[in-house]
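Worksheet: the structure to be examined is printed underneath.
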Amino acid sequence: MDLGRLGHLAYSTLVHPGDTWDEMRASLETYAPKVKQRVSPTEPYGVSLRLSGASARTLAGDPAERARLRIWLAEHDMYVFTVNAFPYGPFKGRKVMEQVYEPDWSTEERVIYTNQVANILADITPDSVAPSIQTAPLAFRANVRSADDVARITGNVLRAVAHLIDLERRTGRRVKLALEPEPFCLLETTKETLDYFRRHIWSPEGIRTLCALTGLPASETAGLVRRHLGLVFDIGHQSVEFEDIAASLESLRDAGLPVFKLQAAAALRVPEVTEDAVAALAAFTDTIYLSQTTEARDGQLTKMLTLTDAIDAWRKDPTGAREWRTHFHVPIFLDELGSFRTTRSGIEAALALHADVPLSDHLEIETYTWDVLPTQLKTGDITDYVVREWTWLRECLERRS
């Protein structure tokens, strides 16, 4: 949905089955019309499309299927403005954990996949939007062991940027690549992300590399890299890092690092870790996804890969007051979850800033954990759930603007 100066709004179809194109097409045709009827019955409806590696190969090699998708979208008064091309492989029905980052940006597979998605977006999206590609935070941090690894990753990112520059030159279609920082990854905190762009992407070496890849002078590439490469700012991820969300967004804006997608996501927050709280957290530990957890204790932050790791550490030393924030996506319309809380306040802070001076033209709601949420947090079916999140966010924006 087009919110005017506040951008295009969609919910992430990552919540639905979509590991293959047949699955994603079925999910799109099943759920999108139901949601549109309830939230945007008379206005064009924006779609965030999940494209796995398998889906990208299918659509890239089948012009007739892309044409079929364009026709279906037009017939239903819908348009795609962003693609989630972060998870390359299966994302539903099996354990994902740190494999979600594979293949990472050190590989040729990630470059090919991203370029295929860019070509698809240039073909299926309306001329009135500059579509975005949501992609991985470069690599799982433990897999990056040397400066050579970082250089290889950066070189591959710049190859994808060069492809986007050439794509716009050939077709007139601007496609934007958005890296998504996440706990335990090479891009994690906002400060680390800014440092990476300054030291590698915007550096003299980065600009020289892009000049060589594009055949363009530095006077052009210095601006083009910002035109085509930026971030997904996932509010839930940065809340898990205990960041001041408004301050982080202002630092990105002031540095000129584009936020190509502002992602409304809320994480699980445990204000006080007690025996009762730990017992209740068992409902959130049986998940197929990573549940990176940050502990604030005595002014220090300690990071653990999973909620189970945090619980195990607490059992060894339960003394002292502490707060946990866990990368487990919970409904954005909730501030309380029984004895727990959420990081919804971070979303409210971001939306207040966005309503004043828009930060991005792409807004997305991402709560992909419907299938693994504890039963007591589910109200109605998946369509009811999506509509409730959508309605809450739109009303929150309307109050602030």
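Since we're looking at a predicted model, the values are computed, not measured.
- Checked for salt-bridge contact, Arg57 and Asp62 miss the test: no charged N lies under 4.0 Å from a carboxylate O.
- When all heavy atoms of Lys36 and Glu43 are compared, the pair lying nearest together is NZ-O, 3.2 Å.
- Taking CG from Leu59 and CZ from Arg25, the interatomic distance works out to 9.0 Å, rounded to the nearest 0.5 Å.
- Classification of Asp127 and Arg173 as a salt-bridged pair holds, one side-chain N sitting under 4.0 Å from a carboxylate O.
- A distance below 6.0 Å separates the ring centres of Tyr45 and Trp390.
- Applying the side-chain hydrogen bond (donor to acceptor under 3.5 Å, both in side chains) rule to pairs touching residues 216-236 yields Glu168-Arg227, Glu168-His228, Asp234-Gln263, sequence neighbours excluded.
- Among residues two or more places apart in sequence or in another chain, the side chain to side chain contact (heavy atoms under 4.5 Å, CB included) test is passed with Arg400 by Glu348, Leu351, Ala352, Ala355, Cys396.
- Among residues at least two apart or in separate chains, side-chain hydrogen bond (donor to acceptor under 3.5 Å, both in side chains) pairs with a member in residues 154-163 are Glu108-Arg159, Asn119-His163, Thr154-Tyr196, Asn156-Arg159.
- Under the ring pair (Phe, Tyr, Trp, His ring centres under 6.0 Å) criterion, Tyr88 pairs with Tyr113, sequence neighbours left out.
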Side-chain atoms of residues 267-282: list all donor-acceptor pairs with protein atoms under 3.5 Å, sequence neighbours left out, distances to 0.1 Å.
residue, atom, partner, partner atom, Å
Arg269, NE, Glu323, OE2, 2.8
Thr274, OG1, Ala277, N, 3.1

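- Considering Lys303, Arg325, His327 as possible partners of Glu241, the one that fulfils the side chain to side chain donor-acceptor pair (under 3.5 Å) test is Lys303.
- For the pair Arg141 and Phe184, the cation-pi test (distance below 6.0 Å, angle within 45°) is failed.
- For Arg253, the salt bridge (Lys or Arg N to Asp or Glu O under 4.0 Å) criterion is met by no residue, not counting sequence neighbours.
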* Yes or no on side-chain contact (heavy atoms from CB on, under 4.5 Å) for Thr293 and Thr306, after CA distance, side-chain angles and deciding distance? -> CA-CA 6 Å; Thr293 299; Thr306 69; over 6 Å; no

